[in-house]
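Below, chain A is the first sequence line, B the second, and so on; all start at residue 1.
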Amino acid sequence: MAGIYKKEMRSYFRGLMGWVFLALILLTFGIYTSVLCLSKGFADFSLVPYNAQFVFLIAIPLLTMRSLAEERRQHTDQLLYSSSLSSAEIVIGKYLSCVTILALPLVISCLYPLVLSGHGRVVLETTFSTMLAFFLLGCVLTAIGLFFSALSTNQFVSAAISFCALLFCYFANDLGSLLSTSIAAAFYFFSVLAIAAVALLRVMTKNWLAAGVALLILEGGLLLIYLFVPTILDGSVAAAFGSIAVFAKLETFSNGILNITVLLQYVSLAWLFVFFTIQAVEKRRWS
Amino acid sequence: MIEVEVRNLTKKYDNHLAVDDISFSIETGKIYGFLGPNGAGKSTTMNILAGCLAATNGQVLIHNHDIFEEQKEAKRHIGYLPELPPLYLDMTPKDFLVFVSEIRCVPKAQRLMDVSKIMNRTGISEVANRLIGQLSKGYRQRVGIAQALIGNPEVIILDEPTVGLDPAQIIEIRELIRQLGKDHTILLSSHILSEVSELCDEVMILSKGKLVARDTPEKLGEMLGSGNRLYMQVEGSEAEVRAVLQSAGMVEKLLLKTLDTRRISVELEADDAVKERIFYAFAEAKLLIREMRTEKMTLEEIFLEYTGLGKGDTYGGNL
């Protein structure tokens with residue numbers, strides 16, 4: 001794993017991508033620091049990461065697009081598969097290198113509030129908790145980007161799909177609020193979602209029986225809930241969209257709350273997508 | 001000692017059977033060749049042996065370790081060069097080989113020494129610090145072979161090691177493989193008959209995912225005839241030409257065709273000695289040879305002959 005990590009780090013900085021990523025994040029942070037803190041005189045540095053989060057929409061796909069897609073295109077994945085490394089070691093090595101590159105500009109940016117605090121009072125607790133949440137948000141998005149990189153052989157396709165997925169997360173709250181909040185609407189929404197999930201299961205396993213059983217269980221369960229305990233479905237669509245809206249969760253931190261639930265959600269989501277990525281690699285390797 | 005043992009190996013992609021119930025074993029110190037057209041299942045079998053791909057059915061034992069159950073232990077004994085050498089173009093050969101040593105779990109203290117030894121052996125020391133992306137195909141192939149040698153595995157699998165190289169590079173790579181064959185057991189694949197017969201101690205012919213023959217190149221060669229086909233155009237009547245050829249002892253596999261009143265085309269299997277005999281026989285009979293050329297039997301002809309497929313039969317893959 002250490003071998004993969006070192007190789008990835010070297011490859012990011014030997015090429016353009018590592019530098020472009022660093023420049024993008026530092027530039028955005030620099031602009032917001034000078035506008036919000038220097039020109040407008042806000043003492044709250046947590047506004048900077050809160051406002052700068054959109055940069056992830058572009059920066060994360062750039063960071064992750066090559067990672068696994070390029071290995072497949074160049075056929076270097078065969079080298080990794082024939083080595084002693086497991087799929088998990090390959091994916092985690094790559095993920096950690098992305099996360100390190102993500103951490104670099106954030107560590108540099110953490111110096112800004114320290115410099116500013118020499119010239120007046122800066123709420124450092126809020127600042128650093130927001131920076132931590134911002135970093136973990138980046139970790140979640142990196143895991144999502146890595147997952148899409150594992151699904152494609154073309155790095156640009158993987159970047160485009162990652163961008164769309166991140167954009168969806170970015171606007172998830174707004175999209176959720178557009179949908180009807182009625183219980184019947186929630187039932188239809190989840191029914192469609194279940195059908196989509198079963199279709200995916202059928203494509204991946206090529207097993208009609210498993211897909212059929214899954215469909216029966218999901219739709220049957222939903223119907224039972226709808227008929228007997230419909231209150232569970234009340235507001236569930238908005239809640240579902242809310243759980244995808246990872247960007248919006250950053251707001252609580254810049255309001256000065258150290259929200260442990262959100263931090264745990266970020267860590268679990270990142271872990272979940274790394275796990276999905278490992279499964280995607282494993283499936284390709286063994287099918 | 002048996003290095004690799006393959007039992008009833010089968011690989012199915014959706015509805016396509018790529019490898020169909022293959023069983024064979026590989027012994028220490030020999031060079032083995034997989035011969036077969038594209039789509040015969042050579043690469044799939046090699047991918048499975050190297051642990052890059054799962055089998056639908058069957059067992060692969062490498063040094064008595066199951067490649068599916070005890071991957072790490074089994075892979076330690078295998079070096080693999082896929083058809084397209086898996087190289088990072090933005091790395092130098094030296095960095096690349098150190099990286100491969102790392103992912104193959106070569107002890108840290110040994111890595112640099114091993115890499116420099118392998119680079120010397122494969123002749124890439126002089127380009128050790130240039131980017132792989134800037135190297136010629138021949139050098140890239142050498143780097144590919146070098147990475148298969150990392151960790152000093154007993155068995156080296158080379159998938160089409162000379163494909164896409166120019167003639168001079170092909171000769172160099174073949175020489176390198178011959179050298180490596182002294183210390184390692186090698187399994188290589190090729191669709192070039194001469195390459196396999198030149199390098200290998202034993203040849204396995206694959207066709208449509210099945211192992212159809214396994215023998216030494218000499219024995220396969222005997223079975224297939226010399227592999228040379230002689231084309232001639234001679235002035236004379238068919239009876240005269242036939243008489244001369246009979247006097248030279250050539251009666252089998254003879255194809256005579258009358259082109260016009262005094263010109264006959266002759267087609268037969270012949271090596272150099274026979275060719276000489278025929279030439280003098282015609283000279284003695286004072287029949288003018290208008291044209292005389294030998295053509296190597298193509299692999300397609302030999303292969304079709306061997307697998308018993310007629311030319312009109314549809315065959316999956318070109319040869």
*How long is the gap from NZ on A/K7 to CG on B/D95, to the nearest 0.5 Å?*
12.0 Å
_Beyond-backbone contact of A/R10 with B/F99, side-chain heavy atoms, under 4.5 angstrom_ = no
*Taking atom CD of A/Q74 and atom CG of B/D90, what is their separation to the nearest 0.5 Å?*
8.5 Å
*So what's closer than 4.5 Å to chain A heavy atoms on B/L87: side chain, backbone, both or neither?*
backbone
_Tell me whether B/E102 is salt-bridged to A/K6, with the criterion being a basic N under 4.0 Å from an acidic carboxylate O._
yes
*Do A/Y81 and B/N47 come within less than 4.5 Å of each other through their side chains, counting heavy atoms only?*
no
*Checking heavy atoms, do the side chain of B/L81, its backbone, both or neither come under 4.5 Å from chain A?*
neither
*asked:* I need the contact set between residues 141-153 of chain A and chain B: heavy-atom distance under 4.5 Å, sorted by residue number.
replied: none
*Among B/K75, B/Q147, B/R104, find the one that has a side chain to side chain contact (heavy atoms under 4.5 Å, CB included) with A/S82.*
B/R104
*asked:* Quick check for you: to the nearest 0.5 Å, what is the distance between B/I103 atom CD1 and A/I90 atom CD1?
replied: 7.5 Å
*asked:* Please classify the contact of A/E71 with chain B as side chain, backbone, both or neither, using a heavy-atom distance under 4.5 Å.
replied: side chain
*So what's closer than 4.5 Å to chain A heavy atoms on B/V100: side chain, backbone, both or neither?*
side chain
*Hey, is NZ on B/K94 packed in by over 12 heavy atoms from elsewhere, all under 6.0 Å?*
no
_Please report the interatomic distance SG(B/C105) to CG(A/L85), rounded to the nearest 0.5 Å._
7.0 Å
*asked:* What I'd like to find out is whether the side chain of A/Q78 reaches to under 4.5 Å of the side chain of B/D159, using heavy atoms alone.
replied: no
*chain A heavy atoms under 4.5 Å from B/F96: which part of the residue, side chain, backbone, both or neither?*
side chain
*Would you indicate whether the side-chain heavy atoms of A/H75 and B/E83 approach each other to under 4.5 Å?*
no
*Heavy-atom count around A/L104 CG within 6.0 Å, excluding the residue itself: above 12?*
yes
*Select, from B/P82, B/C52, B/S101, B/A55, the one with the greatest count of heavy-atom pairs under 4.5 Å involving chain A.*
B/C52
_If you count every heavy atom of other residues, nucleotides or ligands that lies below 6.0 Å from B/D66 atom CG, does the total exceed 12?_
yes
*asked:* Using a 6.0 Å cut-off, check whether atom CZ of A/F275 has over 12 heavy atoms from anything other than its own residue.
replied: no
